Amino acid sequence: MGFYENDQKYVMNTYNKTPIEIVDGEGVYVTDIQGHRYLDMFGGIAVNVLGHKNKKILDAVNCQASRYIHLSNYFASEPTVQLAKLLVENTFAEKVFFTNSGTEANEAAIKIGRKYGRSISPDKTKILSADNSFHGRTCGSLAITGQKKYQEPFEPLLPNVYNFEFNNIESFKRVVDDQVCAVFIEAIQGEGGIVEVKETFMQEVKALSIQHDFLLIVDEIQAGIGRTGKFLSYENYGITPDVVTLAKALGGGFPIGAVLTGEKASSVLKPGDHGTTFGPNPVVSAVGCVVVNEVLNETFLSEVHDKGCYIKNKIENLKKQYPDIISEIRGTGLMLGINTGKYAGPIKEMAFERKMLLNVTAGDIVRIVPALNITYDEINQFIATFTDILAEVAQQK
Ligand SMILES: Cc1ncc(COP(=O)(O)O)c(C=O)c1O
């Protein structure tokens with residue numbers, strides 16, 4: 001019996017897994033047990049930012065693992081301090097709290113928001129988040145995720161959370177008041193289907209955060225670490241947040257999350273208020289330093305932007321050719337969504353038959369989140385395969 005069958009037998013089925021047995025990876029390719037090579041446009045869901053088997057990552061793992069693997073948060077760890085310093089020196093942040101995943105970063109941010117509010121007034125505990133947002137699966141993060149389908153089976157969740165319509169300032173104004181302690185927002189909604197915030201909306205929310213004294217918390221778990229062509233995605237909208245949450249790409253494939261805090265939020269948590277045994281693992285911190293140093297390179301970020309524009313142009317041309325299949329291409333940098341409506345599922349399957357891994361989100365959006373160091377040749381391979389698939393879909397219609 002292959003390990004895919006054993007996965008179905010022994011691993012709890014919370015994801016509908018693709019029937020493939022991957023045994024190796026290199027750059028933007030993975031190889032299955034039969035030796036078939038697949039172009040990986042899935043990118044581990046926006047995680048494998050430097051691709052598979054990156055030499056600098058492997059060296060960092062070997063180097064740190066041969067010193068020590070875990071100490072606990074009662075001792076300063078050199079790679080972790082280095083990573084915190086890099087994040088502080090290159091963003092709005094003054095301090096960093098590390099976690100092991102995205103949802104844990106949001107849990108910590110929720111606690112920071114609540115404690116911040118209660119330090120001003122005992123009833124300043126209201127949290128706002130957007131309809132269609134996604135902030136994670138643990139109970140706090142789930143409570144601020146603006147999608148009923150994920151929440152309902154687990155209710156009752158954290159109280160005093162309200163949603164506003166994304167990009168609708170009138171809707172936001174209906175729920176905001178002085179009792180709000182924190183607002184969570186993704187600059188580009190990822191799971192929600194690659195929906196970008198409007199600059200004016202973001203700026204008005206920022207202005208209201210000053211007026212009502214709440215923490216503006218930008219969830220950069222999917223859009224951060226270079227994915228949009230900026231180091232952090234909020235830089236695209238001319239605002240400075242109070243808190244940013246990170247995960248996914250930060251560990252280049254290893255689990256890590258982080259909460260970055262600015263002036264308003266950096267001293268909210270005191271010893272004993274919050275903690276984690278594992279976060280962050282020193283080996284992962286060492287990898288995080290590699291990732292951040294690579295991504296922060298000026299050329300790297302401008303290339304992400306240019307590659308995004310290149311793909312968008314190509315898909316816009318395909319949209320002209322196949323207007324009944326592609327209704328929209330949206331997103332920034334290498335965080336792109338192609339709205340293919342009811343064809344998204346079949347397109348994903350046809351891509352698999354053609355040895356290309358594609359991800360579909362929100363039911364109808366083909367989500368393009370490959371490694372950020374994907375080459376133009378590899379992008380052209382993606383475009384050629386995608387074009388071929390569209391021709392087949394058009395023929396079958
Ligand atoms: C914007 C956003 N926030 C939070 C999360 C949760 O992160 P994790 O799966 O690491 O808990 C995700 C995961 O997809 C995400 O995209």
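We number each residue from 1, following the sequence as shown. All values reported here derive from a predicted model rather than from experimental measurement. Each ligand, and each atom within it, is numbered from 1 in the order the structure gives.
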**Asked** Between His52 and Tyr29, does the ring centre distance come in under 6.0 Å?
**Response** no
**Prompt:** Glu191 heavy atoms, cut-off 4.0 Å: which ligand 1 atoms fall inside?
**Reply:** 14 (O)
**Asked** Out of curiosity, is Glu220 lining ligand 1, as in a heavy atom under 4.0 Å away?
**Response** no
**Request:** For atom 13 (C) of ligand 1, state which one of Glu104, Gln222, Lys248 supplies the nearest heavy atom.
**Result:** Lys248
**Request:** Tell me which protein heavy atom sits closest to atom 5 (C) of ligand 1, plus the residue, atom name and distance to 0.1 Å.
**Result:** Ile221 CG2, 3.7 Å
**Asked** Polar-atom distance check: Thr103 versus ligand 1, any N or O pair below 3.5 Å?
**Response** yes
**Item:** Test ring-ring contact (aromatic ring centres under 6.0 Å, His included) applied to Tyr116 and Phe214, step by step
**Value:** CA-CA 8 Å; Tyr116 177 79; Phe214 60 78; 9.6 Å; no
**Request:** Consider every N or O of Gly102 and every N or O of ligand 1, then say whether any pair is closer than 3.5 Å.
**Result:** yes
**Asked** In the protein, which heavy atom is nearest to atom 2 (C) of ligand 1, and how far is it?
**Response** Phe134 O, 3.4 Å
**Asked** Any side-chain donor-acceptor pair under 3.5 Å between Asp377 and Thr375?
**Response** no
**Message:** Under a 3.5 Å distance rule, please check whether Asn339 uses its side chain to pair with a backbone N or O of Ile365 as donor and acceptor.
**Reply:** no
**Request:** Mark up the atoms of ligand 1 that fall under 4.0 Å of a heavy atom belonging to Glu186, in ascending order.
**Result:** 1 (C)
**Message:** Under 4.0 Å from a heavy atom of Gly136: which atoms of ligand 1 are those, numbered in the order shown and with their elements?
**Reply:** 4 (C), 6 (C)
**Request:** Check each atom of ligand 1 against the heavy atoms of His135 and keep those under 4.0 Å away; list them by number with element.
**Result:** 3 (N), 4 (C)
**Asked** With a 4.0 Å cut-off, strictly under, does atom 9 (O) of ligand 1 pick up any protein heavy atom?
**Response** no
**Request:** Evaluate whether atom CD of Glu316 has more than 12 neighbouring non-hydrogen atoms of other residues, nucleotides or ligands under 6.0 angstrom away.
**Result:** yes
**Message:** If I apply the N/O under 3.5 Å rule, does Asp219 come out as touching ligand 1?
**Reply:** yes
**Message:** If we count only N and O atoms by modelled type, under 3.5 Å, do the side chains of Asn236 and Thr228 hold a donor and an acceptor together?
**Reply:** yes
**Prompt:** Do we see a donor-acceptor contact under 3.5 Å between the side chains of Tyr343 and Gln396?
**Reply:** no
**Request:** Assess the side chains of Thr276 and Thr99: does a donor N or O sit below 3.5 Å from an acceptor N or O?
**Result:** no
